[in-house]
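Inspection log for the structure reproduced underneath, given as structure tokens.
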There are 2 protein chains.
Amino acid sequence: MDQVEVFKALSNKTRLMILQWLKEPELNFPPQEVDMKEVGVCVGQIHQKAQLTQSTISEYLSVLQRTGLIESTRIGQWTYYKRNEEACQELKRLLETSL
Amino acid sequence: MDQVEVFKALSNKTRLMILQWLKEPELNFPPQEVDMKEVGVCVGQIHQKAQLTQSTISEYLSVLQRTGLIESTRIGQWTYYKRNEEACQELKRLLETSL
DNA sequence: AAGATATATCGACTTTTCCCGATATATCTA
DNA sequence: TAGATATATCGGGAAAAGTCGATATATCTT
């Protein structure tokens with residue numbers, strides 16, 4: 001895990017928010033077909049909640065995914081994103097030592 | 001403490017290194033007149049060790065100081081920088097919850 | 001007061017990031 | 001297969017960050 005890349009990914013208000021929202025998807029997004037806890041939240045929902053264009057949000061989700069902090073599942077025409085809690089934990093551990 | 005600003009400050013290899021070096025100044029810098037543990041390390045020493053110009057390092061130290069992660073003391077013509085361990089701890093705590 | 005030394009600040013240039021709109025791609029449905 | 005919908009990617013303009021050299025400022029020494 002490249003620390004600089006992770007910090008860059010976290011250096012943006014919207015991306016930090018997304019990470020927060022995905023912590024408790026049921027609290028932050030309207031009910032879905034899928035189990036949000038299990039599968040995640042689709043791009044459109046995140047796009048609606050963040051007030052930025054679809055392309056920007058898609059890009060931001062890629063940035064976060066590249067760090068490993070979130071992961072995606074494609075189901076039909078939707079891509080669902082959810083946190084990778086293990087990676088988040090590992091990052092915390094990393095920060096514990098590297099900071 | 002503005003999270004985005006902190007992460008931006010940490011989004012740079014050199015600044016991360018500086019923060020590391022200042023963790024154990026006696027191990028990372030040649031002996032000085034002053035007690036490095038207590039007072040810190042002067043800009044010139046950090047400048048020599050990081051391979052960037054004096055102005056860049058001075059700027060980077062300001063960036064770090066603005067986050068509160070390091071603090072400075074002027075003694076004569078030297079400015080000494082050292083970690084603010086309390087702030088570093090607080091940041092870790094913040095990350096623990098905000099991440 | 002003059003010169004030396006350490007640091008900070010300024011102006012400039014380059015690279016990166018932030019966002020957008022437009023378009024491409026994938027999948028679904030009729 | 002045609003259209004609809006969801007997402008990804010591409011190209012670009014504006015703003016911010018990275019980095020430098022030159023210069024200003026502060027302090028020390030003589």
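Just the heavy atoms: all of them, side chains too, but no hydrogens, waters or symmetry mates, feed the values below. We name chains A, B, ... by the order of the sequence lines, and we start the count at 1 in each one.
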Sequence neighbours excluded, the answer for salt bridge (Lys or Arg N to Asp or Glu O under 4.0 Å) partners of A/Glu5 is A/Lys8
Whether B/Arg15 side chain and B/Leu10 backbone form a donor-acceptor pair below 3.5 Å: no
Expressed in angstrom and rounded to an integer, what is the separation of B/Ile57 atom CD1 from D/dG18 atom P? 12 Å
Residue-phosphate contact under 4.0 Å: A/Tyr60 side-chain N/O, C/dC18 OP1/OP2: no
Taking only N and O in the side chain of A/Thr56, is any of them less than 4.0 Å away from OP1 or OP2 of C/dC20? yes
Per atom distances to the A/Thr79 side chain, the nearest of C/dA8, C/dG21, D/dA8 is D/dA8
All side-chain contact (heavy atoms from CB on, under 4.5 Å) counterparts of B/Leu52, not counting sequence neighbours: B/Thr14, B/Thr56, B/Ile57, B/Tyr60
Residues within residues 62-77 of chain B bordering DNA chain D, heavy-atom distance below 4.0 Å: B/Gly76, B/Gln77
Any chance the side chains of A/Ser72 and A/Thr79 put a donor and an acceptor closer than 3.5 Å? no
Could you list all the salt bridge (charged side-chain N to carboxylate O under 4.0 Å, His left out) pairs where at least one residue sits in residues 63-75 of chain A, not counting sequence neighbours? none
For A/Lys23, all residues meeting side-chain contact (heavy atoms from CB on, under 4.5 Å), sequence neighbours excluded: A/Gln20, A/Arg83
Checking only heavy atoms, does the side chain of B/Gln54 share a donor-acceptor pair with the base of C/dA8 at less than 3.5 Å? yes
Using a strict heavy-atom distance below 4.0 Å, which residues from residues 17-47 of chain A are in contact with DNA chain C? none
Between the protein and nucleotides 10-17 of chain C, list every N/O to N/O distance that falls short of 3.5 Å.
unit_1: C/dT17; atom_1: OP1; unit_2: A/Lys8; atom_2: NZ; d: 3.1

Residues that, via side-chain heavy atoms closer than 4.5 angstrom, fall in one hydrophobic cluster with A/Leu27: none
Only counting residues at least two apart or in another chain, list the ones meeting salt bridge (Lys or Arg N to Asp or Glu O under 4.0 Å) with B/Glu24. none
Respond yes when some side-chain nitrogen or oxygen of B/Tyr81 is under 4.0 Å from OP1 or OP2 of C/dA8, and no when none is. yes
With sequence neighbours excluded, what pairs up with A/Gln3 under the side-chain contact (heavy atoms from CB on, under 4.5 Å) test? A/Phe7, A/Leu94, A/Ser98, B/Leu16
B/Trp78: hydrophobic cluster co-members (side-chain, 4.5 Å): B/Val34, B/Val39, B/Ile75, B/Tyr80
Under 4.5 Å side-chain linkage, directly or through intermediates, the cluster mates of B/Val63: none
